A.B. asks: 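Could you have a look at this structure, given as structure tokens, before my questions?
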Amino acid sequence: PVAVCTKLGWLVYGTVTENNDTCKHFNFHICDCSANDDNLDELVRSFYALDSVGISIKDHLVAENDKRALDLLNKFTKRKDNGHFEVPLLWKYDSIQLPDTYDMALKRLICLESKLRQNIQLLNIFKETISKYSSKGYIRKLNKNEIVRADGKIWYLPIFAVFNKNKPGKSRVVWDAAAKSNGLSLNSFLLKGPDYLVSLPSILFKFRQKSVAICGDIEEMFHQVYIRSEDRDVQRFLRRECDEDKVPDVY
């Protein structure tokens, strides 16, 4: 074995022979820094663990998750006649058992209604936004026969409004997929999928390559993508226009 004095302390590494025929490999690291510096110690341990193994288990699992996400997208993504795309939700498993989320969504609806009643202007803006989404086909009301689903693959998403101070009179409705019921959220059943976003430095570097740069914006981008029909019932939500005496409609 060889001892090397590095900026991180003494490092001893090499092979040890036992019984003249067995060869074992050892790495030892002794750090001269404060014993309380657990972060540095962990960094050194991680470095040599990665150097010895080549790839960590965590990286392997991430790759497997991305592979499954891509398989689902390749299998079920299609382009509709109107030019829009339809995609599946990226389920972690083929068979899932979802908890009952109706009561959780109803409680959140009651809280939202209480907030909106205190500000009539916000209430009207919220109603206009929901009405616009309905007219554009982003959401739709279910009839009594559609509400029942035999396989139980249903999730009710709480909704809330986001208002931008720089855009008075406009609101954005958010469906909360992180809301938990029985300790589980809809997001906990779904994969994130591979990250295809281009880094900001990479975009800035491209401004040096050509003379003209063009940028664009897709109006209400996420609403332009259809969800596969088999997955739409896990994106339900409740609405009753702040009428406490009314049973909420299901959208």
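A quick note: this is a predicted structure, and the numbers were derived from the prediction, not measured.
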A.B. asks: Is there a continuous path of hydrophobic side-chain contacts, each under 4.5 Å between heavy atoms, that joins Leu190 to Trp175?
C.D. replies: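 Yes, because Leu190 and Trp175 connect within a single hydrophobic cluster, where side-chain heavy atoms sit under 4.5 Å apart.
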A.B. asks: The test is salt bridge (charged side-chain N to carboxylate O under 4.0 Å, His left out); show your working for Glu146 and Arg140 and say whether it passes.
C.D. replies: CA-CA 11 Å; Glu146 292 176 311; Arg140 73 177 183 88; 2.9 Å; yes
A.B. asks: Suppose we screen for salt bridge (Lys or Arg N to Asp or Glu O under 4.0 Å). Which residues come up paired with Lys92, at least two apart in sequence or across chains?
C.D. replies: none
A.B. asks: Go through the structure and list residues passing side chain to side chain contact (heavy atoms under 4.5 Å, CB included) with Val2, not counting sequence neighbours.
C.D. replies: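 Val2 satisfies side chain to side chain contact (heavy atoms under 4.5 Å, CB included) with Val4 only.
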A.B. asks: Test of understanding: clusters of I, L, V, M, F, W, Y form through side-chain heavy atoms closer than 4.5 Å, transitively. Do Val173 and Phe160 belong to the same one?
C.D. replies: no
A.B. asks: Which pairs, with at least one residue in residues 86-117 and sequence neighbours excluded, count as a ring-ring contact (aromatic ring centres under 6.0 Å, His included)?
C.D. replies: Tyr102-Tyr156
A.B. asks: Taking all heavy atoms of Ala177 and all of Leu157, pick out the closest pair and write down the distance.
C.D. replies: CA-CD2, 3.7 Å
A.B. asks: Please round to the nearest 0.5 Å and tell me the distance separating atom CD of Gln121 and atom CG of Leu123.
C.D. replies: 10.5 Å
A.B. asks: Kindly write out the residues that satisfy salt bridge (Lys or Arg N to Asp or Glu O under 4.0 Å) with Asp231, not counting sequence neighbours, or none if the list is empty.
C.D. replies: Lys153
A.B. asks: Got a salt bridge between Arg239 and Asp249, using NZ or NE/NH1/NH2 to carboxylate O under 4.0 Å?
C.D. replies: no
A.B. asks: Is it true that a side-chain atom of Thr77 and a backbone atom of Asn74 form a donor plus acceptor pair closer than 3.5 Å?
C.D. replies: no
A.B. asks: Considering only heavy atoms from C-beta outward, does the side chain of Ile147 approach that of Asn143 to under 4.5 Å?
C.D. replies: no
A.B. asks: Within this structure, what is the CG-CG distance for the pair Asp233 and Asp151, rounded to the nearest 0.5 Å?
C.D. replies: 8.0 Å
A.B. asks: Treating Ile, Leu, Val, Met, Phe, Trp and Tyr as nodes and any side-chain heavy-atom pair under 4.5 angstrom as an edge, say whether Leu186 and Ile159 lie in one connected cluster.
C.D. replies: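 The answer is yes; both residues are in one hydrophobic cluster.
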A.B. asks: What heavy-atom pair brings Ala69 and Leu191 nearest, and what distance separates the two atoms?
C.D. replies: N-CD1, 3.9 Å
A.B. asks: When you measure from the side chain of Ser185 to the backbone N and O of Ser188, does any donor-acceptor pair fall under 3.5 Å?
C.D. replies: yes
A.B. asks: Considering residues at least two apart in sequence or located in another chain, which fulfil the salt bridge (Lys or Arg N to Asp or Glu O under 4.0 Å) criterion with Lys144?
C.D. replies: none
A.B. asks: Leu89, Phe189: one ILVMFWY side-chain cluster at the under-4.5 Å cut-off?
C.D. replies: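 Yes; tracing contacts between hydrophobic side chains, which count when under 4.5 Å, links both residues.
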A.B. asks: Evaluate the side-chain proximity of Leu72 to Phe76: yes if any heavy-atom separation is below 4.5 Å, no if none is.
C.D. replies: yes
A.B. asks: With a sphere of 6.0 Å drawn around CD1 of Ile218, does it hold more than 12 non-hydrogen atoms of other residues, nucleotides or ligands?
C.D. replies: no
A.B. asks: Please find the pair of heavy atoms, one from Arg79 and one from Gly83, that lie closest to each other, and give the distance.
C.D. replies: NE-O, 3.2 Å
A.B. asks: Among residues at least two apart in sequence or on other chains, which ones pass salt bridge (Lys or Arg N to Asp or Glu O under 4.0 Å) with Asp245?
C.D. replies: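 Asp245 satisfies salt bridge (Lys or Arg N to Asp or Glu O under 4.0 Å) with no residue once adjacent residues are dropped.
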A.B. asks: Given side chain to side chain contact (heavy atoms under 4.5 Å, CB included), test Arg232 with Leu142 step by step and report yes or no.
C.D. replies: CA-CA 11 Å; Arg232 290 174 192 169; Leu142 300 184; over 6 Å; no
A.B. asks: Using the salt bridge (Lys or Arg N to Asp or Glu O under 4.0 Å) rule, collect all pairs that involve residues 182-209, keeping only residues at least two apart or in two chains.
C.D. replies: none
A.B. asks: Which pair of heavy atoms, one from Ala179 and one from Trp155, lies closest together, and at what distance?
C.D. replies: O-CZ2, 3.9 Å
A.B. asks: For a 4.5 angstrom cut-off between non-hydrogen side-chain atoms, does Cys242 reach Arg117?
C.D. replies: yes
A.B. asks: Between Asp66 and Arg68, is there a side-chain N and carboxylate O pair less than 4.0 Å apart?
C.D. replies: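 Looking at Asp66 and Arg68, the cut-off is not met.
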A.B. asks: Donor-acceptor pairs are to be reported for all side-chain atoms of residues 105-116 against protein atoms at under 3.5 Å, with residues two or more places apart or in another chain.
C.D. replies:
| from | atom 1 | to | atom 2 | distance (Å) |
| --- | --- | --- | --- | --- |
| Arg108 | NH1 | Asp176 | OD2 | 3.2 |
| Arg108 | NH2 | Asp176 | OD2 | 3.1 |
| Glu113 | OE1 | Arg240 | NE | 3.3 |
| Glu113 | OE1 | Arg240 | NH2 | 3.0 |
| Glu113 | OE2 | Arg240 | NE | 2.8 |

A.B. asks: Keeping Ser181 on the side-chain end and Asp100 on the backbone end, is there a donor-acceptor pair under 3.5 Å?
C.D. replies: yes
A.B. asks: Please check if Ile154 and Leu184 belong to a single hydrophobic cluster, counting links between Ile, Leu, Val, Met, Phe, Trp and Tyr side chain heavy atoms closer than 4.5 Å.
C.D. replies: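 Looking at the clustering, Leu184 is in a separate group from Ile154.
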A.B. asks: Among all residues two or more places apart in sequence or in another chain, which pass the side-chain hydrogen bond (donor to acceptor under 3.5 Å, both in side chains) test with Asn166?
C.D. replies: none
A.B. asks: Mind checking ring-ring contact (aromatic ring centres under 6.0 Å, His included) for Tyr251 and listing every partner two or more places apart, or none if nothing turns up?
C.D. replies: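 Tyr251 satisfies ring-ring contact (aromatic ring centres under 6.0 Å, His included) with Phe237 only.
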A.B. asks: Please tell me if the side chains of Thr129 and Tyr133 come closer than 4.5 Å, counting only heavy atoms from C-beta onward.
C.D. replies: yes
A.B. asks: Return all side-chain donor-acceptor pairs below 3.5 angstrom for residues 222-230, not counting sequence neighbours, or 'none' if the list is empty.
C.D. replies:
| from | atom 1 | to | atom 2 | distance (Å) |
| --- | --- | --- | --- | --- |
| Gln224 | NE2 | Tyr138 | OH | 3.2 |
| Gln224 | NE2 | Glu219 | O | 2.9 |
| Gln224 | NE2 | Glu220 | O | 3.4 |
| Tyr226 | OH | Asn82 | ND2 | 2.9 |
| Arg228 | NE | Glu230 | OE1 | 3.4 |

A.B. asks: May I have all residue pairs that pass ring-ring contact (aromatic ring centres under 6.0 Å, His included) and include part of residues 190-211, sequence neighbours excluded?
C.D. replies: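 Sorted pair list comes back empty.
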A.B. asks: Go through the steps to decide whether Asp71 and Lys75 satisfy the test salt bridge (charged side-chain N to carboxylate O under 4.0 Å, His left out), and finish with yes or no.
C.D. replies: CA-CA 6 Å; Asp71 287 343; Lys75 184 177 180 179; over 6 Å; no
A.B. asks: Should we say atom NZ of Lys246 is surrounded by more than 12 heavy atoms from elsewhere, each under 6.0 Å from it?
C.D. replies: yes
